[in-house]
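Presented below is the structure to which this report refers.
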Amino acid sequence: MPLKLTPDIFDNLWAEAELQGDVVWTETDREESVRAVLPQIGKLQEYGIELQAGLSLDIRSWELLEDLAHGDDGGGDEDGVDVNFTYHLSGKVQTNLYGLTGEIEEVVGYHNMSNCAGISETELWLAGTRFQRVYLHLDPVQLFGNLTGDSLAQLPVEIQRSIDGQHRPYYRSNVTTPAMQQAIEQILHCPYEGLLKRMYLQSKAWELITLEFEQYQSAPGLQIGQLGAGEIERIHRAKEILLQQLDNPPSLEELARLVELNECALKKGFRQVFGTTAFQYLHDYRLEQARQLIEQSDRSIAAVGKCVGFNNRGYFAAAFRKKFGLSPKAYQLTRKNSG
């Protein structure tokens, strides 16, 4: 059973950690950071900065001792129009936005644009892999409220509605492109401090926003629809089969047979739940596992590739470079030098 993290339980564990000297908190007018080791939960590291009026950035990294379940009853400001861009870098999270989505899994290599004001939500964070996300928070009225005509029309339709006073909650998922991944890596490894840090992070945040709006113009994101509980369960089972057979995954036809769905229902449902095709999910999962192995072990690049199912070293290197902006060897050297 996962640990059910209510606000009272979290506050009590936080107070216990403070008494033990396991919380380090620093704060200025515009930014704050915290490192803590919480009983029953594990290690957490969070950083937040206000970049300008209407635009802020958060980075969150948790290493859990056990599965963690928590939620939001939706009792916040139902009229809030803030836009959240959430980039999933590592970790397994299952989310349900009641009345807005069915159960969805937030997938490494993908991100979402959302506003869930007034929506009840539960999340299950799974232990065993570090949970890491980058968040951008935008107030569209402050940032874009003066736009009209063609300029306003270039924004995603959900943001346009919010600016026009016709807001309603939404959740859309899309792939994190190599250009976005590069900007995120630069955010995570910002070389500056003080004013220069804020200026640099602000420029990278606007770069991400630009890439987001370009992506939504060319290919609208996925609006997660509702699926039956039985169908969702079979789709999750299909995902687990793929991850258990990294070296020799079944064909789509065989996978559909194993989970008792027809191919069409599997393809459509998998994209709805996970935001991508079954085998793109497998491909991205392999690459993310490879990245973590490179960071956390001394294995050779060839051994890492084989471990996650890439038998062709050249293809592995090309796929890794396309996703992360560096070859596996260059990524390994960068991490060693930064350590």
Revision key, fill the gap. Tightest non-hydrogen contact, residues Y98 and I119, listed as O-CG2, 3.5 Å
Check your understanding: Which atom pair, heavy atoms only, marks the closest approach of A319 to L287?
Key -> O-CD1, 3.8 Å
Point to revise | Residue pair P328 / F316: nearest heavy atoms and the distance that separates them | key: CG-CE2, 3.9 Å
Check your understanding: Distance only, no hydrogens: is a donor on one side chain within 3.5 Å (strictly under) of an acceptor on the other, for E123 and W125?
Key -> yes
Point to revise | Test side-chain contact (heavy atoms from CB on, under 4.5 Å) applied to Y171 and T95, T86, N112, the passing residue | key: N112
Check your understanding: For V308, does its backbone N or O pair with a side-chain atom of R286 as donor and acceptor, under 3.5 Å?
Key -> yes
Review point. Which residue pairs pass the side-chain hydrogen bond (donor to acceptor under 3.5 Å, both in side chains) test with at least one member in residues 130-145, sequence neighbours excluded?
Key: D58-H137, N84-H137, E106-R133, R130-Q132, R133-Y135, D139-Q142
Check your understanding: Under a 4.0 Å N-O cut-off, is there an ion pair linking E295 with R291?
Key -> yes
Practice item. Return yes when atom CG of D298 has more than 12 non-hydrogen atoms of other residues, nucleotides or ligands closer than 6.0 Å, and no otherwise. Key: no
Check your understanding: Any idea which heavy atoms bring M180 and H111 closest together, and the distance?
Key -> SD-CE1, 3.6 Å
Check your understanding: Could you walk me through whether L89 and L188 pass the side-chain contact (heavy atoms from CB on, under 4.5 Å) check?
Key -> CA-CA 11 Å; L89 307 184; L188 294 174; 3.8 Å; yes
Review point. Going through the checks in order, is the side-chain contact (heavy atoms from CB on, under 4.5 Å) test met by I294 and V304?
Key: CA-CA 7 Å; I294 290 171; V304 167; 4.1 Å; yes
Check your understanding: Do any N or O atoms from the side chain of T334 and from the backbone of A330 form a donor-acceptor pair under 3.5 angstrom?
Key -> yes
Check your understanding: Any side-chain donor-acceptor pair under 3.5 Å between Q154 and D150?
Key -> no
Study note, to complete from the structure: Closest non-hydrogen atoms of L65 and G42, given as atom of the first, atom of the second and distance, are CG-CA, 3.7 Å
Check your understanding: Are there more than 12 heavy atoms of other residues, nucleotides or ligands under 6.0 Å from atom NZ of K197?
Key -> yes
Review point. Can F213 and F144 be said to form a ring-ring contact (aromatic ring centres under 6.0 Å, His included), step by step?
Key: CA-CA 13 Å; F213 291 174; F144 309 113; 5.7 Å; yes
**Study point:** Atom pair OG1/NZ of T177 and K322 - distance to nearest 0.5 Å
**Key:** 11.0 Å
Check your understanding: Charged N to carboxylate O below 4.0 Å: is that the case for E240 and R237?
Key -> no
**Study point:** side-chain hydrogen bond (donor to acceptor under 3.5 Å, both in side chains) between Q202 and W206, worked out
**Key:** CA-CA 6 Å; Q202 185 184 56; W206 277 107; 5.5 Å; no
Review point. Given the rule in the side-chain hydrogen bond (donor to acceptor under 3.5 Å, both in side chains) test, do E31 and Y47 qualify, once you have shown the distances and angles that lead to the verdict?
Key: CA-CA 7 Å; E31 61 184 315; Y47 171 79; 2.5 Å; yes
Point to revise | Gap separating the CD1 atom of I49 from the CG atom of L57, nearest 0.5 angstrom | key: 7.5 Å
Exercise for review: Please state whether the rings of Y170 and H167 are parallel, tilted or perpendicular, taking 30° and 60° as the class boundaries.
Suggested key: perpendicular
Review point. Is the W62 ring parallel, tilted or perpendicular to the F10 ring (thresholds 30°, 60°)?
Key: parallel
Check your understanding: Checking side-chain hydrogen bond (donor to acceptor under 3.5 Å, both in side chains) for the pair N12/E16: CA distance, chi angles, key distance, verdict?
Key -> CA-CA 6 Å; N12 290 336; E16 184 178 342; over 6 Å; no
Practice item. Please answer whether the main-chain N or O of F279 pairs with a side-chain N or O of H283 as donor and acceptor at a distance below 3.5 Å. Key: no
Study note, to complete from the structure: Here the pair of heavy atoms bringing I159 nearest to L155 is CG2-CD1, 4.0 Å
